[in-house]
Amino acid sequence: MTTAMLTLVVSPWSLAQIHAGEFNTTVNIGDTAPDWNDLPGTDDQPHSLDDLKDKKVVVVAFTCSSCPYAVDAEDRLIALQEKFADENVAVIAINVNKVEEDLMPAMKQRAAEKKFNFPYLFDESQQIAKAFGAKYTPEFFVLDKNRKIVYMGSLDDSPDGKNVSEPHVIRAIEAALAGEKPAVTETVPIGCRIRFERNLRNRSR
């Protein structure tokens, strides 16, 4: 008797889909957050995730200065850091857009005008956004004390900040501080597309 053997071939793309989130094609809830090192901030200092090792919760916000959705979220980001200032929570804003209105001079001007109470970092390589699977500004990731992703998606259920009824990030922070899993772990981010540079291949003639 001959026993037929079936070989299942799974492509790397398929594996990525299996392990990715519902709305994020790169990372999933429970994954260890991607690391970043020595990203320049508007304070002219280098910043790394390891600098935040004493923080109980870290909120990573991919944002920029040119997107109206991101601008509408700025006051709520400031309020978010104020709300959890005494609970060892860090808010970190990261911009990867490389158009002129989003480069460091514009970032510094915006941070000064709005009096940001959180670091505003720039990643010229754009790799940190790709590692998180972030595609929009603003887009949020809440990391627990072990730097596992416990929530990702939108800040709340109101793109313009009016009539907020579901403060997703706030609830995720509160759950993480309590050592619990948020009731909502993933939502659809709403905003402007991150302006990733295209790598054009050289065509041989």
Side-chain angles (χ1 to χ4, degrees), residues 21 23-27 33-49 52 58-83 90-143 149 151-164 166-170 172 186-200:
F23 307 118
N24 187 310
T25 58
T26 303
V27 298
D35 198 2
W36 66 84
N37 291 287
D38 297 329
L39 292 185
T42 55
D43 57 359
D44 293 321
Q45 298 298 316
H47 295 259
S48 302
L49 179 57
L52 308 172
V58 174
V59 179
V60 180
F62 287 95
T63 187
C64 68
S65 304
S66 63
C67 172
Y69 292 97
V71 171
D72 282 345
E74 288 175 345
D75 288 339
R76 282 174 286 165
L77 269 178
I78 294 169
L80 185 70
Q81 182 63 88
E82 289 178 350
K83 178 178 177 65
V91 173
I92 306 294
I94 303 177
N95 167 42
V96 303
N97 283 349
K98 297 173 71 174
V99 295
E100 185 173 356
E101 58 266 40
D102 284 330
L103 295 179
M104 184 59 81
M107 291 172 57
K108 287 184 176 181
Q109 181 178 350
R110 194 67 186 169
E113 288 175 351
K114 296 295 295 186
K115 296 181 173 58
F116 285 169
N117 54 357
F118 48 82
Y120 190 16
L121 316 182
F122 181 57
D123 181 14
E124 184 177 10
S125 75
Q126 302 188 316
Q127 290 305 308
I128 190 60
K130 293 178 181 179
F132 270 92
K135 294 182 174 66
Y136 296 92
T137 56
E139 188 167 347
F140 298 83
F141 296 81
V142 178
L143 318 180
I149 299 171
Y151 171 81
M152 55 188 178
S154 60
L155 178 60
D156 47 45
D157 61 346
S158 176
D160 61 4
K162 299 176 182 177
N163 301 316
V164 174
E166 297 292 338
H168 301 306
V169 168
I170 288 177
E186 191 176 359
T187 60
V188 178
I190 298 174
C192 305
R193 278 275 187 178
I194 291 177
R195 304 184 190 192
F196 289 115
E197 287 189 324
R198 294 183 179 181
N199 294 323
L200 299 178

Fill in the blank from the handout: Val164 and Ser158 have their tightest heavy-atom pair at CG2-CB, 3.6 Å

Handout entry: Phe122 CZ to His47 NE2 distance, which is reported to the nearest 0.5 Å
Key = 14.5 Å

Handout entry: Donor-acceptor contact below 3.5 Å, side chain Asp160 vs main chain Lys162
Key = yes

Handout entry: Contact check, side chains of Arg110 and Thr42, non-hydrogen atoms, under 4.5 Å
Key = no

Exercise for the section: Please round to the nearest 0.5 Å and tell me the distance separating atom CD of Glu124 and atom CG of Leu103. Expected result: 8.5 Å

Handout entry: Heavy-atom check, side chain of Met107 versus side chain of Asp102, under 4.5 Å
Key = no

Problem - Interatomic distance, Trp36 atom CH2 to Ile94 atom CD1 [nearest 0.5 angstrom] - result: 5.0 Å

Problem - Gap between atom CG of Leu49 and atom CD1 of Ile92 - 0.5 Å precision - result: 8.5 Å

Practice task
Flag yes if more than 12 heavy atoms outside Tyr69 fall under 6.0 Å of its OH atom; otherwise flag no.
Solution key: no

Practice task
Report yes if some heavy atom in the side chain of Lys130 is under 4.5 Å from a heavy atom in the side chain of Thr26; otherwise report no.
Solution key: no

Practice task
Hey, could you give me the CG/NZ distance between Asp43 and Lys108, rounded to the nearest 0.5 Å?
Solution key: 9.0 Å

Practice task
Give yes when the SG atoms of Cys192 and Cys64 are nearer than 2.5 Å, otherwise give no.
Solution key: no

Exercise for the section: Could you tell me whether Gln127 atom CD has more than 12 heavy atoms of other residues or ligands within 6.0 Å of it? Expected result: yes

Handout entry: Least distance between heavy atoms, Ala134 atom then Phe196 atom
Key = O-CZ, 3.5 Å

Practice task
Kindly indicate, with the supporting measurements, whether the criterion side chain to side chain contact (heavy atoms under 4.5 Å, CB included) is fulfilled by Val59 and Gln81.
Solution key: CA-CA 9 Å; Val59 179; Gln81 182 63 88; over 6 Å; no

Problem - Steps toward side chain to side chain contact (heavy atoms under 4.5 Å, CB included) verdict (Asn117, Glu82) - result: CA-CA 8 Å; Asn117 54 357; Glu82 289 178 350; 3.3 Å; yes

Problem - Glu139 (side chain) donor-acceptor with Phe62 (main chain) under 3.5 angstrom - result: no

Practice task
Specify the closest pair of heavy atoms between Pro167 and Asp156, including all atoms of both residues, with the distance to one decimal.
Solution key: CA-CB, 3.9 Å

Handout entry: Close side-chain approach of Asn24 and Phe132, heavy atoms under 4.5 Å
Key = no

Problem - Heavy-atom check, side chain of Glu74 versus side chain of Thr63, under 4.5 Å - result: no

Problem - Lys98 and Arg195, any side-chain heavy atoms less than 4.5 Å apart - result: no

Exercise for the section: Classify the ring geometry between Phe118 and Phe116 as parallel (under 30°), tilted (30 to 60°) or perpendicular (over 60°). Expected result: parallel

Practice task
Inspect the surroundings of CG in Asp38 and state if more than 12 heavy atoms from other residues, nucleotides or ligands are less than 6.0 Å away.
Solution key: yes

Exercise for the section: Please say whether more than 12 non-hydrogen atoms of neighbouring residues, nucleotides or ligands are located less than 6.0 Å from CD in Glu113. Expected result: yes

Fill in the blank from the handout: For Ala73 and Pro138 the tightest heavy-atom approach is CB-CG, 4.1 Å

Exercise for the section: Count the heavy atoms of every other residue, nucleotide or ligand shown that sit under 6.0 Å from NZ of Lys83, and state whether that count exceeds 12. Expected result: no

Handout entry: Close side-chain approach of Ile194 and Lys135, heavy atoms under 4.5 Å
Key = no

Exercise for the section: Flag the pair Ile149 / Leu143 as yes when at least one side-chain heavy-atom distance between them is below 4.5 Å, and no otherwise. Expected result: yes

Practice task
Show your working on side chain to side chain contact (heavy atoms under 4.5 Å, CB included) between Phe140 and Thr187 and close with a plain yes or no.
Solution key: CA-CA 10 Å; Phe140 298 83; Thr187 60; over 6 Å; no

Practice task
Starting at CG of Leu80, measure out to CG of Leu155 and round the result to the nearest 0.5 Å.
Solution key: 7.0 Å

Completion exercise
Heavy-atom closest pair (Ile128 atom, Asp35 atom, distance to 0.1 Å) is CD1-O, 3.5 Å

Practice task
Verify side chain to side chain contact (heavy atoms under 4.5 Å, CB included) between Tyr136 and Ile190, making sure each step is shown before the conclusion.
Solution key: CA-CA 7 Å; Tyr136 296 92; Ile190 298 174; over 6 Å; no

